[in-house]
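Here is the structure we will look at.
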Amino acid sequence: MSQYTLFDKVWDLHKVADLPGGSSQIFIGLHLIHEVTSPQAFGALKDKNLNVKFPSRTVATVDHIVPTDNQSRPFKDILAEQMIDTLEKNCADHKIRFFNIGSGSQGIVHVVAPELGLTQPGMTIACGDSHTSTHGAFGSIAFGIGTSQVRDVLASQTLAMNKLKVRKIFCKNKLTDGVYAKDLVLHIINQLGVKAGVGYAYEFTGPAISELSMEERMTICNMSIEGGARCGYINPDETTFNYIKEKKCSPKNQNWHLAVKWWKSLVSEENAIYDDEIIIDAAKVEPTVTWGITPGQSVGINQKIPELNDLSKDDQFIAGEAYEYMGFNPGQKIKNTPIDVCFIGSCTNGRISDLRVASKIVKGNRVAPHIKAFVVPGSEKVAKEAIHEGLDEIFKQAGFQWREPGCSMCLAMNPDKLKGNQISASSSNRNFKGRQGSPNGRTLLMSPAMVAAAAISGKVCDVRDFLKK
Amino acid sequence: MTGDFFAPQGKIKIIKGRCISLIGDDIDTDRIIPARFLKCVTFDSLGSAVFEDDRKDLKGKHPFDLTINKNSSILIVNSNFGCGSSREHAPQALLRWGIRAIIGESFAEIFYSNCVAIGIPCFTMDKISINTIQEKSEKGLIFDIDISKAEARTSESKFKLEIKSSSRNMFLSGEWDATSTLLNNSSLIEEKIKQLPYVQLNEDFSK
Ligand code: SF4
C-alpha cells in the first residue's frame, strides 16, 4: 500500500526533470496573472526574445489597482491606467485569456479562478501573488511566485523548485456557532506562529475541515502563507466535486466522471507519512481578533492582549513593536476597542457566503455614526449574485457603502486607504504596519461577521451576542 | 547607495562588501517596499524607495540612511525576513539600493526564492552569531563571502554560513537565472503536458 500524501502524488506527476543544481523542474498546470507582478515578466521575455510557451495555460484578470468607486476608463490614477493598459496589451500580444472589467468574470484572481472552474484538484497552480495558496482548498498544489518566476512560467510552463515537507494539521471536533473558518485559521497561525510553515505545505484535515463549505476552505488555505507555509491544501471530497460541477471551465459529460475518479485517487493515503503532525481542537476556538502587526498576534474575543511574560522569548521583540505601533497596552481587553473603518472584502473573505453571513448581522441595524463601513465583493460574479439576493440593499440601508469588485483596502494600491492612525476592522489577511495605505494605520483582522458586528456597535464586540438577539 | 545599477549576471562566487545591520524579526515585504510603489511597469526606480515608511519614521536614523552604511552591500537581518507578499519588488528594491547578499537567522520562503531568481544569495546563521555580526557591523565590518565554501571572512576571523546546496550550486553555475536551464528540457515539457490527466479531460478549459 502506498504511503503518499496528495502533495507527493501531485508533485511526482508534475516533475519534468531533476535539475543539475539539485532542485526539480515542475510543470505548472494553471498560471494566473494580474497587473502588478506581470509587466516586468513580459518585459523580460521581450528582452530575451522569448514567447509564451502554452498561452492557453495562463489566465489573466485585473484586481489590485482597480478603483472600487468609479471604474470608468481611463482611471483617474494615470499609473493605474498604465498598468491595466500594459496587461491588456500583453494579453492581446500573447493570446492570453483576460477577464477584464465588465467581462462578467473580473475580480480578485483567487476568487475568479475557482468560480470559473479553472481551479481543480490535482493541478499545480502558480501566480505572482502569495495568496495563491487559496486554490489548495480544491486539493491542488498552489503557491505564490515572484516576477522572475512568472517570466519562467510564461517561457517554459515550468519552475525550478525544491520539494516541500508536509505538515498535517488535524482539526478535531467542530466549530461552534458564531465561529468561522477565519477564526480557525487565525487560531492555527497563533498556535503555530508565523514562521512555522517555512519549508512546509500544510495539509488541513479532520472533522472540522470536512464540515466546511468550499468557500470556507478557501479562507483556510488562503491564510496558509500567513503561517509561513507557501502552500496549504485540503483533500478533495464530495463538497469539492459539487462545487466544481457545471462551472464554465470544468470537465463535462463522460470526462466529468473520469475526472472525479482521478481526483478521488489523489487523496492522501490513510497511512501516509507526514514530516510533522499537529492537532487543533476546533471546538475551543473563539471568535478571534488580531491585536498586533503580524497575523499571528491574535486573541479570542474574551481574552486580553498578552503581557510580554505570557509570550515566548522569540515572540517578545515583535510584540514590543506591536504594542507601540498599535497604541495598545499589554493586558488590555481587545473587546470594546473603538473602530474607525470597517472593511468587508478581499480574497480571504470577499465571497458570496461571506457577504451572506455579514448581511444577516447587518439586517435591520445601522452602522454606528462615526464609522466608515464598506463592502467590496470579490468579483463581478459575487457582486451579481449578491445584488440578485438583495444583499447590496441590506448593506446600503444599514449605512454601508457598496463597491465594485477589487482588492480595495486589503492592500490599498487603489484609492481605498486608511487615514492617519485610524483603526480598521478588516476581513482581509494582513495587519502589517502600513498595509492598509496609511504609514501609521492600524488593522484588526477578524471574520466578516465580526466586522459587521463591529460596524454596528462601533467597537470590537462578540458577534455571538448579535446571533442571540 | 551605489550610483549606476548593474544587475547580477552569470556565475556568482565571491561577494565582497560592507555589512549593514537591520534589526527586527518578521520584517515583511510591505515594509521593505510599501504597496504604493508597486504601481510601476519596470523595477528601475525602486532603489530609493526601499523601507520608505520606516525611514521617514526614524528621520535619518534608519540604517539605510546612516552615512557609515552608504556603500554597504551585505545585509544582516534577524528571523523570518521578507515575510508577507510575493512581490519581487522587495528584493529588487534592495538590489537596486546596493544589496548583493543577505545573511539572516531565517527567511520567508517566497522572498528567498525571489532572491535566488534575481541573483542575491541568502545565507543563514544562528541567532548568537547574527547578533555578534550586527554589533560589529554598526562600527563597520567588511566581509568577503566565498559561496563555494559557504563562509564569510574578515581580516581577522571566519564565519561559517549555511546555504541550501541547490541554491549554492545555482549561484556557482549561473543556473539561478533559470529560464534557459528550464528551456533546455523543452521536449520533456512537451511530453509532460500530454501526460497530465486534467489537460486531456478539460475540453472546456480554454473557453
Ligand atoms: S485581496 Fe489582498 S491579499 Fe488578496 S490578492 Fe488582493 S491584495 Fe492580495
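Chain letters run A, B, ... following the sequence lines, proteins first, then strands; residues in each count from 1.
Only the side chain of A:Phe54 has a heavy atom closer than 4.5 Å to any heavy atom of chain B. Heavy atoms of B:Ile193 lying under 4.5 Å from chain A belong to its backbone as well as its side chain. Interface remark: A:Ile65 contributes side-chain atoms only to the contact with chain B (heavy atom separation under 4.5 Å). Contact annotation for A:Ile225: only side-chain heavy atoms (C-beta onward) come within less than 4.5 Å of a heavy atom of chain B. Looking at A:Thr86, the atoms closer than 4.5 Å to chain B (heavy atoms on both sides) all sit in the side chain, from C-beta outward. Of the atoms belonging to A:Asn429, not a single heavy atom falls under 4.5 Å from chain B. Heavy-atom distances place the side chain of A:Gln120, and not its backbone, under 4.5 Å from chain B. Using a 4.5 Å cut-off between heavy atoms, A:Ser250 touches chain B through its backbone atoms (N, CA, C, O) alone. Contact annotation for A:Arg430: only side-chain heavy atoms (C-beta onward) come within less than 4.5 Å of a heavy atom of chain B. Residue A:Leu116: no heavy atom, backbone or side chain, is found under 4.5 Å from chain B. Proximity to chain B (any heavy atom under 4.5 Å) is restricted, for A:Leu159, to the backbone atoms N, CA, C and O. If you measure heavy-atom distances from A:Lys417 to chain B, you find no contacts under 4.5 Å at all. The parts of A:Leu258 that come within reach of chain B are both its backbone and its side chain, each placing non-hydrogen atoms under 4.5 angstrom from that chain. Proximity to chain B is limited to the side chain of A:Phe317, based on heavy atoms less than 4.5 angstrom apart.
Annotation: maximal heavy-atom pairing with chain B below 4.5 Å, among A:Met161, A:His131, A:Lys248, A:His64, occurs at A:Lys248. Annotation: maximal heavy-atom pairing with chain B below 4.5 Å, among A:Ser56, A:Gly117, A:Ala412, occurs at A:Ser56.
The two atoms that bring A:Arg435 and B:Arg87 nearest to each other are NH1-NH2, 3.6 Å, heavy atoms only.
A donor-acceptor pair shorter than 3.5 Å cannot be found between the side chains of B:Asp26 and A:Thr294.
A salt bridge is defined here as a Lys NZ or Arg NE, NH1 or NH2 lying under 4.0 Å from an Asp or Glu carboxylate O, and A:Glu321 with B:Arg31 meets this definition.
In this structure a side-chain-to-backbone donor-acceptor pair under 3.5 Å is missing from B:Ser166 to A:Gly22. Proximity of a side-chain donor or acceptor of B:Asp53 to a complementary backbone N or O of A:Pro439 within less than 3.5 Å is not detected.
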